[in-house]
> 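One structure, pasted below without further comment.
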Amino acid sequence: MAPIRPGFGNQDLCLLKRRSFLLLKLTAVVFATVLFCEFLIYYLVIFQCDWPEVKTPARESAQKTLKAMFLADTHLLGEVRGHWLDKLRREWQMERAFQTALWLLQPEVVFILGDIFDEGKWSSPQAWADDVQRFRKIFRHPRHVQLKVVAGNHDIGFHYQMSTYKIKRFEKVFNPKRLFSWKGTNFVMVNSVALEGDGCHICSQAEAELLEISHQLNCSREERGSGPCRDVPLLPASAPVLLQHFPLYRRSDANCSGEDAAPLEERGIPFKERYDVLSREASQQLLWWLRPRLILSGHTHSACEVLHGVGIPEISVPSFSWRNRNNPSFIMGSMTPTEYALAKCYLPHEATVLATYCVAAGLLAVLLLVHSRLLPSPFLFGWNLLRKFKTT
């Protein structure tokens, strides 16, 4: 009978404990990294955002201030160009960012300035239904929060691609009303894709709707009771906020600045009318018809602020998705009937999240090498170095 080697069971037990402890450390690192990168980082970053204070005259009640969020160009990927991993990563980012912003900031209304989908201009009925279902999951919101959307060229196609069917399909999901008023503030939501000015049926209908809204707004600014304003529905006597996908005409982004403006090498590239921006004529018509006090637009995926006409500001809202920007953001607006204040809220940078994962992967590699004795323990190495330093 072979003799039993003393301590053999203890060695196995020690080895099992070392492996269990290693597994525990690896699990802790992975769990902490995923928790931080996929959840906590959104709270840490968006928590730093705060609603801007509006200079409200004393005669106006604090109840009149409306908290509005403006975001743009979410570009939910479709079945043709959307890789499953790309969908998962970018849509999770937008979902966490949006849900965290709702919970921390408590907006009353959210506006999305077009290009909600990436393939709405050519998607099949089934693909469209799937995209809409994903949109409703990502941008779900409480009943007391209103969500308003304007159409972009990726939702219904450019002018040469759009059709009545695509517009009706879009408006069946999203409220087609162009005029929205709340707490004394008027918002006009324009289908800027239809402002081609070539007299097509869709374009003529869009212009007729805007002329009707212009009439309502003009009557609201004047004394009623006689003439053409007698039967016009009452609106707040407030200059509107104009919301659309295409920016008003500007030559380029050469005068834009900021960390989320277009790259320097792209700012001087001239914009193409009716493709990158609205035409000069359409832009002048909107300013003349609606006389807005503020304009917010999307489409360029980058930030910019320009002045039109007699000093009417236009804010280009950057993309909300990592697919289009490393540093996405949205605009927070405190609105009253006569004043407004805007602030920008940045989302976590994609590069920060990727760097965090790389650091965690390096830490996991170090733990595995130390366990395999291919690398000395950092603590043992430090202790030996300290002893050597003391002896000298």
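Only this structure's heavy atoms are used, side chains among them; waters, hydrogens and symmetry mates stay out.
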> Under 3.5 Å, is there a donor-acceptor pair linking the side chains of S302 and R325?
yes

> Examine the side chains of D73 and S319 and answer whether a donor and an acceptor come within less than 3.5 Å of each other.
no

> Just checking, K272 and Y275: is the charged tip under 6.0 Å from the six-membered ring centre and within 45° of the axis?
yes

> Verify whether one side chain among S316 and E305 offers a donor that lies under 3.5 Å from an acceptor in the other.
no

> Determine the interplanar angle of the F111 and F187 rings, folded into 0 to 90°, and report it as parallel if under 30°, tilted if 30 to 60°, perpendicular if over 60°.
tilted

> Considering residues, nucleotides and ligands other than N255, do more than 12 of their heavy atoms fall under 6.0 Å from its CG?
no

> First locate atom CG of L76, then atom CG of D130, and finally report the distance between them rounded to the nearest 0.5 Å.
12.0 Å

> Can you list the steps and then say if L243 with V190 is a side chain to side chain contact (heavy atoms under 4.5 Å, CB included)?
CA-CA 6 Å; L243 307 174; V190 176; over 6 Å; no

> Here's a test for you: under salt bridge (Lys or Arg N to Asp or Glu O under 4.0 Å), which of K87, R134, R90, R81 qualifies with D118?
R81

> Can you tell me if H83 uses its side chain to pair, donor with acceptor, with the backbone of L85 under 3.5 Å?
yes

> Any Lys/Arg nitrogen of E91 or K137 sitting under 4.0 Å from an Asp/Glu carboxylate oxygen of the other?
no

> Can any side-chain N or O of Q48 pair as donor or acceptor with the backbone N or O of L44 at less than 3.5 Å?
yes

> Can you tell me if R178 uses its side chain to pair, donor with acceptor, with the backbone of V188 under 3.5 Å?
no

> Think R96 forms a cation-pi with W92, using NZ or CZ under 6.0 Å from the six-ring centre and within 45 degrees of its axis?
yes

> What distance do T164 atom OG1 and I202 atom CD1 have between them, rounded to the nearest 0.5 Å?
4.0 Å

> Relative to W128, does R169 satisfy both conditions: NZ or CZ under 6.0 angstrom from the six-membered ring centre, and within 45 degrees of the ring's axis?
yes

> Below 30° counts as parallel, above 60° as perpendicular, anything between as tilted: where do the rings of F117 and F174 land?
tilted

> Regarding S238 and N186, do their side chains bring together a donor and an acceptor under 3.5 Å, going by distance alone?
no

> Linking I/L/V/M/F/W/Y whenever any side-chain heavy atoms sit under 4.5 Å apart, do V145 and W103 land together?
yes

> Counting only heavy atoms not in R251, do more than 12 sit closer than 6.0 Å to its CZ atom?
no

> Centroid separation under 6.0 Å, is that true for the rings of F70 and F330?
no

> Looking at N153, is its backbone amide N or carbonyl O close enough to the side chain of D115 to form a donor-acceptor pair, meaning the two atoms are under 3.5 Å apart?
yes

> Applying salt bridge (charged side-chain N to carboxylate O under 4.0 Å, His left out) to E108 and K183, what does each step give before you reach the verdict?
CA-CA 11 Å; E108 297 170 280; K183 290 190 174 182; 2.6 Å; yes

> Would you check, one step at a time, whether the test side chain to side chain contact (heavy atoms under 4.5 Å, CB included) holds for I295 with H308?
CA-CA 10 Å; I295 305 163; H308 299 283; 4.2 Å; yes

> Do R291 and N218 get their side chains close enough for a donor-acceptor pair, meaning under 3.5 Å?
yes

> Please check: side-chain N/O of E119 versus main-chain N/O of A127, any donor-acceptor pairing under 3.5 Å?
no

> Between K166 and Q161 (side chain of the first, backbone of the second, donor and acceptor by atom type, cut-off under 3.5 Å), is there such a pair?
yes

> Looking at E259, I want to see if its CD is surrounded by more than 12 non-hydrogen atoms of other residues, nucleotides or ligands under 6.0 Å.
yes

> Does the pair I167 and N191 meet the rule for a side chain to side chain contact (heavy atoms under 4.5 Å, CB included), with working shown?
CA-CA 10 Å; I167 294 176; N191 178 6; 4.2 Å; yes

> Starting from the C-alpha separation in whole Å, work towards a yes-or-no answer on side chain to side chain contact (heavy atoms under 4.5 Å, CB included) for M189 and Q244.
CA-CA 6 Å; M189 294 169 283; Q244 58 189 39; over 6 Å; no

> In Å, rounded to the nearest 0.5 Å, how long is the span from CD1 of I213 to CH2 of W289?
11.0 Å

> Do the side chains of F170 and I138 join up, straight or via other hydrophobic residues, at under 4.5 Å, putting them in one cluster?
yes

> Quick check: does any side chain N or O of S283 sit under 3.5 Å from a backbone N or O of Y249, one acting as donor and the other as acceptor?
yes

